[in-house]
Amino acid sequence: MTARISYADIEVGTELPAQSFAVNRATLVQYAGASGDFNPIHWNEKFAVEVGLPDVIAHGMFTMAEAIRVVTDWVGDPGAVIEYGVRFTKPVVVPNDDKGAVIEVSGKVGALLEENRVRVDLTATSGGTKVLGMSRAVVQLG
């Protein structure tokens, strides 16, 4: 696959389509199985509270993976992501109810780079709280 977005059509400030990602306890158990991260803070409410958390929290890498989906869906090719990094600022708290939590992600082009690359700056929140800081991806465009 190649990026379906042309560098010539992009300018600083171009907004990517925002997305919302639902996460519930079942999602966390599935992610734990796939990743091998069975830390009880991600599935055991009693343990999470005992160690000072408000409730079970989503895996940081799960949150990071959900956020980059805004970029990969926009560009049309996950292989077009050259670099990606975040700072974990707050956890995504996932209550044990029918709703769970929602991760809201938006992005915009923050810089045009050489070789048809752009830097995309992402904003990720949950429950009105910013959960990722310095969330940036460098993307190779066509």
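Since the structure is predicted, the reported quantities are computational estimates derived from the model, not experimental observations. Values below: all heavy atoms of this structure, side chains included; hydrogens, waters and symmetry mates excluded.
With contacts defined as side-chain heavy-atom distances shorter than 4.5 Å, the pair M134/V86 does not qualify. For the pair L112/V12, a side-chain contact is recorded, criterion being any heavy-atom separation below 4.5 Å from C-beta on. Between T27 and V29 the shortest side-chain heavy-atom distance does not fall below 4.5 Å. W74 has its side chain out of reach of V70: every pair of non-hydrogen atoms, C-beta onward, lies at least 4.5 Å apart. Residues V71 and L16 have side chains in contact (heavy-atom distance under 4.5 Å, counting atoms from C-beta outward). Two residues are said to be in side-chain contact when any heavy atoms from C-beta on lie closer than 4.5 Å; D77 and T72 fail this criterion. With a 4.5 Å cut-off on side-chain heavy atoms, V102 and F21 do not count as touching.
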Pair V23-V92, side-chain contact (heavy atoms from CB on, under 4.5 Å): steps then yes or no:
CA-CA 9 Å; V23 55; V92 174; 4.2 Å; yes

Determine, stepwise, if the pair E104 / S20 fulfils side chain to side chain donor-acceptor pair (under 3.5 Å). CA-CA 5 Å; E104 304 279 349; S20 299; 2.5 Å; yes

Next item on the list: Check the pair T125, V131 against side-chain contact (heavy atoms from CB on, under 4.5 Å), reporting the backbone distance first and the verdict last.
Entry: CA-CA 5 Å; T125 62; V131 296; 5.7 Å; no

message: R117 vs L141, test: side-chain contact (heavy atoms from CB on, under 4.5 Å). Steps then yes/no.
response: CA-CA 6 Å; R117 295 178 178 180; L141 299 181; over 6 Å; no

Q.
If you apply the rule side-chain contact (heavy atoms from CB on, under 4.5 Å), what do you find for Y84 with M64, and how did you get there?
A. CA-CA 9 Å; Y84 178 45; M64 188 178 176; 3.3 Å; yes

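In this structure, S35 contributes its side chain and Y31 its backbone to a donor-acceptor pair below 3.5 Å. Formation of a donor-acceptor pair under 3.5 Å by the S106 side chain with backbone atoms of A18 is not found in this model. When atom types are taken as modelled, the side chain of S135 and the backbone of L132 share no donor-acceptor pair closer than 3.5 angstrom. Listed for the Q19 side chain is no donor-acceptor partner under 3.5 Å among the backbone atoms of D73.
Rounded to the nearest 0.5 Å, atoms NZ (K108) and CG (L122) are 11.5 Å apart. Atoms OH and CG, on Y7 and N116 in that order, are 6.5 Å from each other to the nearest 0.5 Å. The structure places CG of L28 at 12.5 Å from CG of N44, a figure rounded to the nearest 0.5 Å.
R4 is linked by a salt bridge (charged side-chain N to carboxylate O under 4.0 Å, His left out) to nothing, counting only residues two or more places apart in sequence or in another chain.
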Considering only distance and modelled atom types, tabulate donor-acceptor pairs under 3.5 Å from the side chains of residues 52-63, sequence neighbours left out.
unit_1 : atom_1 : unit_2 : atom_2 : d
D55    : OD1    : R25    : NH2    : 2.7
H59    : NE2    : D37    : O      : 3.2
T63    : OG1    : H59    : O      : 3.2

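A single hydrophobic cluster is not seen to contain both V51 and W43; linkage of ILVMFWY side chains at heavy-atom distances under 4.5 Å, directly or through other members, places them apart.
Considering all non-hydrogen atoms of both residues, A101 and S126 come closest at CB-OG, 4.2 Å. When every heavy atom of V94 is checked against every heavy atom of G100, the shortest pair comes out as CG1-CA, 4.4 Å.
Apart from I82 itself, the hydrophobic cluster it occupies contains L113, V138, where clustering links Ile, Leu, Val, Met, Phe, Trp and Tyr at side-chain heavy-atom distances under 4.5 Å.
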